[in-house]
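Here the structure is laid out as structure tokens; the discussion comes afterwards.
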Amino acid sequence: MADGPVYIRPAGVHDLASLVELEQTCSGMPWHGNSLLQDLINNKAAHYWVAVDPAGMIVGYISCWVVLDEAEITNLAVLPKCRRLGIARKLLHHLIGRLQMLGVVKIFLDVRETNKAAIALYSRSGFLPAGNRPAYYADTGETAIIMSQLIGESDKGNVQKDNKE
């Protein structure tokens with residue numbers, strides 16, 4: 001990674017190779033390239049952003065699906081050599097800001113119960129546990145923790161726990 005701050009921009013089909021590399025490097029159950037491609041070009045609910053270093057290298061990405069006034073974060077990945085530099089936090093906060101502009105009021109995500117770094121990031125960013133999905137991850141049988149956050153004008157920054165999952 002080149003020294004200097006990353007910038008966030010919308011992802012497109014031209015970023016597919018980098019997205020596939022991030023998935024293969026960062027995920028225990030990586031999305032297949034064709035799945036990412038179909039999501040990028042055919043899923044009107046899908047939104048993708050990439051973090052780009054000063055040399056133009058994609059070092060992370062975040063994606064979500066938006067349906068009506070709710071969003072689900074589907075992926076957040078940062079190259080291992082670029083972690084602990086605030087890139088995931090920057091991607092997450094960028095996403096939250098964009099979702100507010102789209103009128104989203106609630107964001108959900110699933111996170112592995114053993115992914116303490118991700119849980120800490122989401123907690124620091126205002127997400128609260130809202131339930132769990134036992135044996136959710138096919139590769140390990142791990143439980144997924146469902147986290148959620150209310151955003152937008154109506155909550156004035158307050159976060160609520162939703163146990164209706």
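These numbers were taken from a predicted model, which means no experiment stands behind them.
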Query - Shared hydrophobic cluster for V20 and I62 (ILVMFWY, side-chain gaps under 4.5 Å) - result: yes

Requested in this report: May I ask whether M147 and Y136 are part of the same hydrophobic cluster, defined by side-chain heavy atoms of I, L, V, M, F, W, Y residues being less than 4.5 angstrom apart, directly or through others?
Outcome: no

Are [X] and [Y] side-chain neighbours, meaning at least one heavy-atom pair lies under 4.5 Å?
| X | Y | answer |
| --- | --- | --- |
| Q38 | N34 | yes |
| L19 | Y48 | yes |
| R83 | C26 | yes |
| L79 | M57 | yes |
| F127 | I73 | yes |

For the student: nearest non-hydrogen atoms of [X] and [Y], plus distance:
| X | Y | answer |
| --- | --- | --- |
| I146 | N132 | CD1-N, 3.9 Å |
| V66 | A71 | CG2-CB, 4.1 Å |
| A51 | V6 | CB-CG2, 4.3 Å |
| P129 | I145 | CB-CG2, 4.4 Å |
| C64 | L99 | SG-CD2, 3.9 Å |
| A144 | D110 | CB-CB, 4.1 Å |

With rounding to the nearest 0.5 Å, note down the distance linking [atom1] in [X] to [atom2] in [Y].
| X | Y | atom1 | atom2 | result |
| --- | --- | --- | --- | --- |
| Y137 | T143 | OH | OG1 | 10.0 Å |
| E23 | M29 | CD | CE | 10.0 Å |
| I107 | S148 | CD1 | OG | 9.5 Å |
| I58 | E21 | CD1 | CD | 9.5 Å |
| H32 | Q24 | NE2 | CD | 8.5 Å |
| T74 | L36 | OG1 | CG | 9.0 Å |

Would you tabulate the side-chain donor-acceptor contacts of residues 8-17 under 3.5 Å, counting partners in other chains and residues two or more places apart, or write 'none'?
from: R9; atom 1: NH1; to: D15; atom 2: OD2; distance (Å): 2.9
from: R9; atom 1: NH2; to: D15; atom 2: OD1; distance (Å): 2.8
from: D15; atom 1: OD2; to: G12; atom 2: N; distance (Å): 2.9

Is [X] reaching over with its side chain to a backbone N or O of [Y], donor-acceptor style, under 3.5 angstrom?
| X | Y | result |
| --- | --- | --- |
| D39 | N43 | no |
| K44 | I41 | no |
| Q149 | S125 | yes |

Report task. Could you check L95, L109, L121 and say which one makes a side-chain contact (heavy atoms from CB on, under 4.5 Å) with L76? Result -> L121

Query raised in the report: Between W31 and W65, how do the two ring planes meet: parallel, tilted or perpendicular, split at 30° and 60°?
Result: tilted

